[in-house]
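The model shown is predicted, which means the values in this text are computed figures rather than measured ones. By convention here, the first residue in the shown sequence is residue 1.
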Amino acid sequence: MRKYLTIVMAVVMGSCVDPYRPPAVSAPNTYLVVDGFLNGSGASSIRLTRTQNLTDGSKPTVETKATVTVEGEKGGSQTFVDKGDGTYTLAAGGLQFNQKYRLKIKTAAGRNYQSDYVTIKQTPKIDNVSWKAQDQGVQFYVTTHDPTNNTKYYRWEYEETWEFYSAFYSRVEYLNKKFVSRMDDVNHCWSNGKSTGIFIGSSEKLTQDVIDQFPLVFVSNTSSNRLKIRYSLLVKQYAQTAESFEYWQNLRKNTESLGSIFDPQPFQVIGNIHGVTDPNEPVVGYLSGYSVEEKRIFVNASELPPWRIPSMYEACLPDTAPIFRTPEKPSAADQAESGAIPIDEILSPLGQIIAYRMSSAYCVDCRTSGTNVKPTFW
């Protein structure tokens, strides 16, 4: 009897659990998203898109044909150039450090938005980007300071680039329904990625404006091939105001510190861009003003401990494809038409081509995971 009651209760309780879909998740509203900053030392770029439903797998809709201007607190305005893809740019030289500016946006539909005034801050130089080998990979750090003690708040982003080789070197390609000698190298490539986390630091509680060895990205030696040959990290540093630092801090709590009932609960992060046509309309984004400082370092495999770093091609195997179709196997041309990539020829004792070694595009053509164009900084 007790066992029967247990089963009944489990069924009843399970049938009472319905998925909860908050109205905000399924709401049809598409709010304006403003991404970019005012650059005090270079060109400024603002990208306008629209929010979308979490279940929408398409790319965000870009906001085109808008009029974007920057207005100084002391007067004067400049208009951004519309690139036609949702990106609006302003040439370098028009903005001054320690001056206040605000952004104004008028969409093609006639809706107006504007930001609060923001001060253009000059970012201190990066003193050093360093790294330390640990048991499971390499931890990268950034060190900086402001001798004038005026910055206090910092934010960083990074771009990483690494060199790699595909599993097989291909000497042959299938072109215009023929097997011909390959002219380009698709075995040697470079791949890259950008930071997705939020990296912020403050010296507000210190006697000196110094950030010493702030931890940035950790690169694993077991889950990727980034450290196998040569790896490069480009660190970008941005000075922040106390207000923008608070915005990024709250955004980080909302996106990176959730997962249990003991973590901070999600809340609406308020930016400094507002609707003018409709003051109650939410706008996503925060406008800041600063210059950008960069520093790049390289790490060669020869500098690392003798780790067995994966190539990510351990499962790759070549297959032999005959010239002519057999009952057991399709021909090399058939396989090439289906997407397989030839590696090289297999010759008879008389020197005639009787088959080709082939494998998947991923295993042969490194361009499926990167580019075979060598970066200019490499």
Side-chain angles (χ1 to χ4, degrees), residues 22-40 42-73 76-95 100-120 155 157 159 194-198 236 238 240-241 243-244 247-248 250-252 254-255 266-292:
V25 173
S26 56
N29 298 304
T30 56
Y31 301 123
L32 184 67
V33 179
V34 182
D35 181 21
F37 65 96
L38 301 179
N39 195 333
S44 300
S45 178
I46 301 294
R47 182 166 175 78
L48 303 181
T49 57
R50 290 283 172 175
T51 61
Q52 62 191 93
N53 199 316
L54 288 174
T55 60
D56 188 352
S58 62
K59 293 182 178 180
T61 302
V62 297
E63 187 73 23
T64 60
K65 299 181 180 179
T67 301
V68 180
T69 58
V70 59
E71 181 180 84
E73 187 181 42
S77 65
Q78 303 169 67
T79 302
F80 283 66
V81 176
D82 182 1
K83 295 297 183 180
D85 60 353
T87 303
Y88 301 81
T89 61
L90 182 69
L95 305 176
K100 290 185 176 182
Y101 300 89
R102 69 180 176 187
L103 197 69
K104 287 191 170 184
I105 301 167
K106 184 176 182 179
T107 67
R111 300 185 70 83
N112 291 286
Y113 308 84
Q114 72 178 25
S115 72
D116 298 335
Y117 281 106
V118 297
T119 302
I120 307 294
R155 186 170 68 87
E157 294 178 340
E159 296 178 6
K194 293 184 178 182
S195 53
T196 56
I198 297 173
K236 299 182 179 183
Y238 315 120
Q240 303 288 287
T241 62
E243 294 78 13
S244 62
Y247 170 83
W248 286 105
N250 289 334
L251 191 61
R252 184 176 64 179
N254 245 9
T255 57
F267 56 94
Q268 184 175 356
V269 180
I270 305 299
N272 63 350
I273 307 171
H274 318 284
V276 176
T277 303
D278 180 4
N280 295 319
E281 178 185 353
V283 182
V284 180
Y286 192 99
L287 182 73
S288 295
Y290 42 73
S291 57
V292 181

I need the [X] [atom1] to [Y] [atom2] distance, nearest 0.5 Å.
| X | Y | atom1 | atom2 | answer |
| --- | --- | --- | --- | --- |
| Thr69 | Leu90 | OG1 | CG | 10.0 Å |
| Ile46 | Leu38 | CD1 | CG | 5.5 Å |
| Thr67 | Tyr88 | OG1 | OH | 8.0 Å |
| Arg155 | Ser244 | CZ | OG | 8.0 Å |
| Glu159 | Lys194 | CD | NZ | 5.0 Å |
| Thr61 | Gln52 | OG1 | CD | 7.0 Å |

Side chain proximity check, [X] to [Y], heavy atoms < 4.5 angstrom:
| X | Y | value |
| --- | --- | --- |
| Asn39 | Leu95 | no |
| Leu32 | Arg50 | yes |
| Val292 | Tyr238 | yes |

Considering all heavy atoms, the nearest [X]-[Y] contact:
| X | Y | value |
| --- | --- | --- |
| Glu63 | Ala108 | OE2-N, 4.4 Å |
| Ser45 | Thr87 | OG-CG2, 3.4 Å |
| Arg111 | Asp278 | NH2-CB, 3.4 Å |
| Gly271 | Tyr247 | CA-CE1, 3.9 Å |
| Gly42 | Ala92 | C-CB, 3.3 Å |
| Ile273 | Val283 | O-CB, 3.5 Å |

Between the main-chain N or O of [Y] and the side-chain N or O of [X], is there a donor-acceptor pair closer than 3.5 Å?
| X | Y | result |
| --- | --- | --- |
| Ser115 | Leu103 | yes |
| Thr51 | Tyr31 | yes |
| Gln78 | Gly94 | yes |

Results of salt bridge (Lys or Arg N to Asp or Glu O under 4.0 Å) for Glu73 - residues two or more places apart only: none
Taking only residues two or more places apart in sequence or in another chain, which ones pass salt bridge (Lys or Arg N to Asp or Glu O under 4.0 Å) with Arg47? none
Residues Glu281 and Tyr113: side-chain donor-acceptor under 3.5 angstrom: yes
What I want to find out is whether Lys236 reaches Glu157 closely enough, with some N-O distance under 4.0 Å, to be called a salt bridge. no
Relative to the ring of Tyr290, is the ring of Phe37 parallel (under 30°), tilted (30 to 60°) or perpendicular (over 60°)? parallel
For Val34, run the side chain to side chain contact (heavy atoms under 4.5 Å, CB included) check against Val284, Ile105, Leu287, Asn272 and tell me which one passes. Ile105
